[in-house]
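Structure, as structure tokens:
First the proteins, then the strands, lettered A, B, ... as listed; each starts at 1. The structure displayed is predicted, hence computed values, not measured ones.
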2 protein chains.
Amino acid sequence: MSQRTPYRTGDQTLVREINLSLIMNRLLEHHSLSRADLAEVTGLNKSTVSSLIQNLLDYQIVREVGLSSSGVGRPSMLLELNPEAGYIVSCEIGVDTILIGCANFGAEIIWRYREDTRHRHGQQAIIERVLALLDEAIATGERLCRTCGGLLGIAIGVPGLVDHDTGTLLFAPNLGWQDVPLRAILQERFENVTVFVENEANMAALGEYFFGAARGCDEVLFISAGVGLGGALIRDGNLLHGATGFAGEFGHMTMDPDGALCNCGNQGCWETQVSQTALFRTIRHAIQSGRSSLLSASTGGDLDRLTVPLVVEAARAGDPVALYALEQVGHDLGIGIASLVNALNPELIVVGNILSLAGEFVLPAVEAELHRRALPWNANGMRIVPAQHGFEACVMGGVAIVYQAVLSQPGRILG
Amino acid sequence: MSQRTPYRTGDQTLVREINLSLIMNRLLEHHSLSRADLAEVTGLNKSTVSSLIQNLLDYQIVREVGLSSSGVGRPSMLLELNPEAGYIVSCEIGVDTILIGCANFGAEIIWRYREDTRHRHGQQAIIERVLALLDEAIATGERLCRTCGGLLGIAIGVPGLVDHDTGTLLFAPNLGWQDVPLRAILQERFENVTVFVENEANMAALGEYFFGAARGCDEVLFISAGVGLGGALIRDGNLLHGATGFAGEFGHMTMDPDGALCNCGNQGCWETQVSQTALFRTIRHAIQSGRSSLLSASTGGDLDRLTVPLVVEAARAGDPVALYALEQVGHDLGIGIASLVNALNPELIVVGNILSLAGEFVLPAVEAELHRRALPWNANGMRIVPAQHGFEACVMGGVAIVYQAVLSQPGRILG
DNA sequence: TATTAGTTGGTTGGGGCAACAAACAAAATA
DNA sequence: TATTTTGTTTGTTGCCCCAACCAACTAATA
């Protein structure tokens, strides 16, 4: 009997934690509620709610926003999460961009910035630029909202495998990075602030769950295609992390055992069929084999300058090559999604990044394959929707990840 | 504000429930512990442990089993779950067998029975036989152990999709059944007893988690090949059910978009490549195309009489056709497992049913494909093992499912 | 052998904390 | 003024924790 206990025992602080969390989550969900509403909605006793709210008011995490009369009886005092309770800084290190935002506790982005990084060379240069932008974001946050919590947390999303214990980016094939101790680097610069490092797709999924298309859904599959193909699964508000934190690498599922070589070393990964790279390759092949397309003109003849917005624009104009390529992506996406629907039985699928942009041309083919291949019991009643926050889903996810930490352990910021 | 609350609030009874559950789980895990050990292991206070144990002793769910001296100091009184605290009846309705068992609260099977159902025709006849066997199992349980709880629950495992709200078997392609309200049928016959109806693979996974090869693992992928291919995922002791309860249908993931037709209606399902049926088909093709095999003789020339034990026996004797067919299964199994490892990042994979029997010939090919195709970060440190309970995993799972209900809500049987 | 110190196991009683219930105060309408 | 709804106050209950204490054993010592 030597090991220290990993189990969380039940005690009073746990009870308080649970109920505080319950209340804050309901306030997030409904935006504003009275104490009486909260008692009704949570099932807690009126006096308990009052006590919890008093606690939150003391720390200015919640604020009273005015009376609301619902006909007869004493009017109620509406409560909401105080947007100025603190601020959150969230940053996505993409393959060729940095996206950064600063949000208040009302989850409104009060400052955002986007920068192309194609001209910057090397990991060192990019990380230094990120640090500088974080300084700027923090300065903005300090200026605009610091009632009690100040900076509540910094979140960094990266397109690769993250070791959650250490916050190290282990492997990012599309970025060409390996073993970068991101959390340690940031923690050194920003002491006493919690730093979250997470896979970009995981973050984006959380962003859509808290603030986007997946609000209120208990079983969400998120699929995000960009340079590569990433994904995540959310169950009851929590990411499925797997044993070592690398779950959700749907892009590296084998779809064709003898297929094209993938950056990961395997053959026929889903990512070789469904991604920006695959889309452009299909278009290039079609044009090179003599098919005419508006894209030849709109890229000025240089197909290396293809972008997803250009492809979507061409598709809108009825360009057959663009339509064909997008449908091909939808077809291959659909086969994989059907498999995942059978395996995981989600309630909702959210498609992100370029898929949210090209949804109108991709999703019909997806739906067709899905209903052809998935068990009807799994597929019926399930919806597929584009991400509400589009390319900003990841940054919103950084906000969400900090939010989640605060909401699930309100005690920590209550001192 | 009209809806009734679906949220569990925190209160004292929740705390008690959590701590009782903690203690019973530790007793299950270590088999016997003293109060002092429990305090150490759970992190609960000594006096709290004493109080909880007194409660469990009063209801004879736990019993004292004698002193144990660890050298110096006062000897401790060891405690264990009382095997006679009640009994559990568990039954698997397989494609061509019924397996049934009665277990005491020590999870020892005190009565078991297996019956071939190939001579019985029709759903009605089989269900009536199941009911009769359940009577017999209950009679045995009543005779051998009914201290406090009596019959703690009945569990039925079936090879198909189960609607958990109603306990209805919606679709069992390999059984040819559809929309059978199993729980309602049993509940009518056995009133005041909790009846659990669950997918066979889900149950088997739970059996291995509680009492078999997956004990203590937090992220377990279970893959079970029989007539079809089923599976399940266990996270922190709970089955992944998905939105409507149909998660884990890995057998119907598309592996070859233009492959063979599956019973489910789709093409190229994993189940068409990896299952008893697929194994036999490969062997039949090989022999029909002229390859010589020991199996021609051991089946008396009638390849319809192939069985998995015969194939394994032939493989042990070095028969090339048997070895080839098993390796082929391993190869296709490995490709799919690699995908699932990338998607779900399990800590352990347990292969069940015929795979546990043929493991020695199947697993090497699986490991080879796995390490060729899965991301090293996901695959390294992961183990693949055969199910410890082999063909009885499902029945053990029925015991586990009742156990889980009791352990997670000890309050219910404490009155 | 008898005594005493030391060690570990388990119980008892007091205190604190959080939720709950019921009575009550407050603020509106009819 | 009666009624309705909101929110607070007061007192109770249940559960865990802590610290002191009793219990049972070993080992050392006279």
Side-chain angles (χ1 to χ4, degrees), chain A residues 1-2 5 7-23 27 32-58 62-79 410-411 414-415, chain B residues 1-2 5 7-23 27 32-58 62-79 410-411 414-415:
Chain A
M1 298 301 118
S2 56
T5 161
Y7 311 108
R8 167 102 202 223
T9 60
D11 60 8
Q12 319 274 39
T13 64
L14 175 70
V15 170
R16 193 71 169 180
E17 204 74 36
I18 288 173
N19 292 334
L20 276 170
S21 178
L22 208 49
I23 283 195
L27 282 175
S32 80
L33 291 172
S34 69
R35 292 168 175 79
D37 294 338
L38 280 167
E40 170 96 2
V41 150
T42 59
L44 289 165
N45 189 280
K46 284 197 297 173
S47 54
T48 306
V49 170
S50 278
S51 154
L52 290 163
I53 287 293
Q54 192 50 55
N55 208 327
L56 293 169
L57 283 173
D58 289 344
V62 158
R63 68 177 183 190
E64 299 185 323
V65 278
L67 293 169
S68 143
S69 173
S70 58
V72 70
R74 170 175 165 181
S76 53
M77 177 58 78
L78 291 181
L79 302 156
L414 295 186
Chain B
M1 296 300 117
S2 58
T5 161
Y7 311 107
R8 167 99 201 225
T9 61
D11 60 7
Q12 319 275 33
T13 65
L14 175 70
V15 171
R16 192 71 170 181
E17 203 73 41
I18 288 173
N19 292 334
L20 276 169
S21 178
L22 209 49
I23 283 196
L27 282 174
S32 79
L33 291 172
S34 69
R35 291 175 235 269
D37 293 338
L38 281 167
E40 170 97 2
V41 149
T42 58
L44 289 166
N45 191 280
K46 286 197 296 174
S47 55
T48 306
V49 170
S50 280
S51 154
L52 292 162
I53 287 294
Q54 192 50 55
N55 210 325
L56 293 169
L57 283 172
D58 289 345
V62 158
R63 69 177 182 190
E64 300 186 321
V65 278
L67 294 169
S68 141
S69 172
S70 59
V72 71
R74 172 175 165 180
S76 54
M77 176 59 77
L78 291 181
L79 302 156
L414 294 184

Going 5' to 3' along nucleotides 25-30 of chain D, which nucleotides have protein heavy atoms under 4.0 Å from the base (write B), which only from the sugar-phosphate (write S), and which from neither (write -)? BS----
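A pairwise comparison of heavy atoms in R35(B) and S50(B) identifies CD-OG, 3.8 Å as the closest pair. Here the shortest heavy-atom pairing between T9(A) and L14(A) reads O-CD2, 4.0 Å. Looking at every heavy atom in both residues, L20(A) comes nearest to P410(A) through CB-CG, 3.6 Å. Between L78(B) and S32(B), the shortest heavy-atom distance links the atoms CD1-OG, 3.8 Å.
Distances shorter than 4.0 Å separate none of the side-chain N or O atoms of R35(A) from OP1 or OP2 on dT5(D). Within the 4.0 Å cut-off from OP1 or OP2 of dT8(D), at least one side-chain nitrogen or oxygen of S50(A) is found.
For the pair L14(B) CG and dC15(D) P, the computed distance is 12 Å after rounding to whole Å. If you measure from atom CG of L33(B) to atom P of dG9(C), you get 12 Å, rounded to the nearest angstrom. Atom P of nucleotide dT6(D) and atom CD of E64(A) are separated by 15 Å, given to the nearest angstrom. Atom CG of L78(A) and atom P of dA27(C) are 17 Å apart (whole Å). For the pair K46(A) NZ and dA26(C) P, the computed distance is 15 Å after rounding to whole Å. Put simply, CG on N55(A) is 13 Å from P on dT8(D), counting in whole angstrom units. Following rounding to the nearest Å, Q54(A) (CD) and dT9(D) (C1') show an atom-to-atom distance of 13 Å.
Note that CG of L22(B) is 5.5 Å distant from OG1 of T42(B), once rounded to the nearest 0.5 Å.
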For nucleotides 17-19 of chain C, print each protein N/O atom paired with a nucleotide N/O atom at under 3.5 Å, atom names and distance only.
{"residue": "dC17(C)", "atom": "O2", "partner": "Q12(A)", "partner atom": "NE2", "Å": "2.4"}
{"residue": "dA18(C)", "atom": "N3", "partner": "Q12(B)", "partner atom": "NE2", "Å": "3.4"}
{"residue": "dA19(C)", "atom": "OP1", "partner": "N19(A)", "partner atom": "ND2", "Å": "2.7"}
{"residue": "dA19(C)", "atom": "OP2", "partner": "R16(A)", "partner atom": "NH1", "Å": "2.6"}

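With sequence neighbours excluded, no residue satisfies side chain to side chain donor-acceptor pair (under 3.5 Å) with R74(A).
Test V62(B), I18(B), I53(B) against I23(B) for side chain to side chain contact (heavy atoms under 4.5 Å, CB included) and you get one pass: I53(B).
Looking at S68(B) and S76(B), their side chains come closer than 4.5 Å, going by heavy atoms from C-beta outward.
Contact annotation for S47(A): base contact, defined as any heavy-atom pair under 4.0 Å involving a base atom.
With 3.5 Å as the limit, one finds no donor-acceptor pair spanning the side chains of R16(B) and S21(B).
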